[in-house]
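The model shown is predicted, which means the values in this text are computed figures rather than measured ones. In this chain, numbering begins with 1 at the start of the sequence shown.
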Amino acid sequence: MGKLYVVGIGPGGLEYMTLKAKQVIEDVDIVVGYTKYLEMIKPLLKDKEVFATGMRGEEDRCKKALELAKNKTVAVISTGDSGIYGMAGLILQLQENQEVEVIPGVTASSSAASIIGAPLMHDNCNISLSDLLTPYDLIKKRIKLAAEGDFIISLYNPKSNGRPHYLKEAIETIKEFRGENTPIAVVKHALREGQEVNLYTLGNFTDEKVDMMSIVIIGNTKSFYKGDKFITPRGYNV
Ligand code: SAH
């Protein structure tokens with residue numbers, strides 16, 4: 001009897017993967033995933049059977065994994081958490097009668113937050129700037145309402161060549177609701193090889209260091225820098 005595990009491998013550095021994710025990857029017959037992500041967990045794969053795919057073609061990847069899971073144990077991997085812009089939703093939508101289990105992972109916003117301080121201490125939200133699967137009008141609406149609601153905002157998929165101006169537009173919208181000194185952190189390759197951190201405020205932000213390997217965290221109206229730590233207070237009287 002087969003089974004499909006949808007595994008979040010965390011940010012990339014192996015020590016940030018959950019013990020459960022590690023155990024599943026080591027135990028299954030086949031690991032399915034995007035080539036670059038398989039590379040990140042190479043030490044765990046040894047001579048295991050793998051099925052590598054390109055970045056697009058998520059649907060084919062999921063169908064293939066479900067097909068294989070009819071009589072083998074299979075892990076399909078996502079970075080971070082597989083339930084946050086990962087493969088878990090699509091797998092469950094396509095699932096027929098295979099057994100499926102979702103294994104959570106440390107998502108990019110948590111990883112980046114840990115490096116820069118404690119920016120997500122109060123109500124926060126994730127918004128992806130990718131319009132491949134979401135109309136841009138809806139993305140803009142969510143940014144505006146999140147800004148108005150004073151949520152700390154983590155922007156996933158913040159910039160790509162096809163939509164270079166979305167991030168700037170998002171920042172302009174947020175400026176309508178927050179002050180010049182609001183912290184903004186750009187964290188690239190959080191908790192994996194090539195990690196890079198750049199700190200800004202709403203007043204001096206530039207997007208030149210931002211790419212698709214980065215996440216952008218924008219503080220709420222109470223967030224501040226203490227030295228190089230980005231903190232959002234919870235409300236304690238200190
Ligand atoms: N499932 C993943 C998100 C996939 S969407 C998760 O839970 O983290 C892909 C986007 O996630 C990237 O464009 C980037 O914005 C962000 N991302 C993923 N891993 C990251 C890392 N280690 N450092 C910074 N950003 C990361």
Side chains of [X] and [Y] in contact at under 4.5 Å (non-hydrogen atoms):
| X | Y | answer |
| --- | --- | --- |
| D60 | K64 | no |
| L38 | L45 | yes |
| T107 | S154 | no |
| E58 | M87 | yes |
| R142 | L138 | yes |
| S109 | I215 | yes |

State which residues pass salt bridge (charged side-chain N to carboxylate O under 4.0 Å, His left out) with R192; sequence neighbours excluded, sorted by chain then number.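 Applying salt bridge (charged side-chain N to carboxylate O under 4.0 Å, His left out) to R192 gives none.
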So, [X] side chain and [Y] main chain: donor-acceptor pair closer than 3.5 Å or not?
| X | Y | result |
| --- | --- | --- |
| D29 | T73 | yes |
| K159 | S214 | no |
| T201 | N204 | yes |

Determine, for K36 against E39, whether the closest basic-nitrogen to carboxylate-oxygen distance falls under 4.0 angstrom.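 No, no charged N to carboxylate O under 4.0 Å.
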Between K168 and E172 (salt bridge meaning N to carboxylate O under 4.0 Å), is one present in this structure?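 Looking at K168 and E172, the cut-off is not met.
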So how far is it from [X] [atom1] to [Y] [atom2], rounded to the nearest 0.5 Å?
| X | Y | atom1 | atom2 | answer |
| --- | --- | --- | --- | --- |
| M1 | E99 | CE | CD | 6.0 Å |
| I25 | I41 | CD1 | CD1 | 4.0 Å |
| E26 | K46 | CD | NZ | 5.5 Å |
| I217 | L199 | CD1 | CG | 10.5 Å |
| E101 | K3 | CD | NZ | 4.0 Å |
| D150 | S223 | CG | OG | 8.0 Å |

Which atom pair, heavy atoms only, marks the closest approach of [X] to [Y]?
| X | Y | value |
| --- | --- | --- |
| L120 | S110 | CD1-N, 4.3 Å |
| F151 | C125 | CB-SG, 4.0 Å |
| T79 | M40 | CG2-SD, 4.1 Å |
| G219 | I152 | CA-CG2, 4.3 Å |
| V28 | K48 | O-NZ, 2.6 Å |
| L191 | Q195 | N-OE1, 3.0 Å |

Looking at [X], I'd like to know if its [atom1] atom is crowded, meaning that more than 12 non-hydrogen atoms belonging to other residues, nucleotides or ligands lie closer than 6.0 Å.
| X | atom1 | result |
| --- | --- | --- |
| E193 | CD | no |
| E15 | CD | yes |
| K175 | NZ | yes |
| L19 | CG | no |
| K140 | NZ | yes |
| N161 | CG | no |

Determine whether [X] and [Y] fall in the same hydrophobic cluster, where Ile, Leu, Val, Met, Phe, Trp and Tyr are linked whenever their side-chain heavy atoms lie under 4.5 Å apart.
| X | Y | result |
| --- | --- | --- |
| I115 | I9 | no |
| I77 | L14 | yes |
| V50 | V76 | no |

Could you list who else is in Y200's hydrophobic cluster, with ILVMFWY side chains joined at under 4.5 Å, directly or through other members?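 Once heavy-atom contacts under 4.5 Å are chained together, Y200 belongs with I127, L129, Y136, I139, I143, I153, L155, Y166, L167, I171, I174, I184, V186, L202, F205, V210, V216, I218.
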Taking atom types as modelled, find out whether S130 and Y85 have a side-chain donor-acceptor pair closer than 3.5 angstrom.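 No - no donor-acceptor pair under 3.5 Å links their side chains.
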Run the side chain to side chain contact (heavy atoms under 4.5 Å, CB included) test on N157 and M212 for me, step by step, so that the C-alpha distance in whole Å, both residues' side-chain angles and the decisive distance to 0.1 Å come before the verdict. CA-CA 5 Å; N157 301 302; M212 285 299 273; 3.3 Å; yes
Could you walk me through whether V102 and S82 satisfy the side chain to side chain contact (heavy atoms under 4.5 Å, CB included) test, starting with their C-alpha distance in whole Å, then the side-chain angles of each, then the deciding distance to 0.1 Å, before giving a yes or no? CA-CA 8 Å; V102 180; S82 61; 3.7 Å; yes
Residue pair E59, K63: steps toward the salt bridge (Lys or Arg N to Asp or Glu O under 4.0 Å) verdict: CA-CA 6 Å; E59 210 173 313; K63 282 185 181 152; 3.3 Å; yes
Partner residues of Y5 under the ring pair (Phe, Tyr, Trp, His ring centres under 6.0 Å) criterion, sequence neighbours left out: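 Applying ring pair (Phe, Tyr, Trp, His ring centres under 6.0 Å) to Y5 gives none.
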Among V31, V32, V74, whose side chain to side chain contact (heavy atoms under 4.5 Å, CB included) with F51 holds?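 For F51, the side chain to side chain contact (heavy atoms under 4.5 Å, CB included) test succeeds with only one of V31, V32, V74, which is V32.
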Should M17 and L44 be marked as a side chain to side chain contact (heavy atoms under 4.5 Å, CB included) after you check the CA-CA gap, both sets of side-chain angles, and the distance that decides it? CA-CA 11 Å; M17 186 183 291; L44 302 182; 3.8 Å; yes
Determine whether N220 and T232 satisfy the following criterion, side chain to side chain donor-acceptor pair (under 3.5 Å), listing intermediate values before the conclusion. CA-CA 7 Å; N220 70 12; T232 303; 4.7 Å; no
Stepwise side chain to side chain contact (heavy atoms under 4.5 Å, CB included) test for K209 and E196: CA-CA 9 Å; K209 301 280 187 186; E196 191 185 315; 3.8 Å; yes
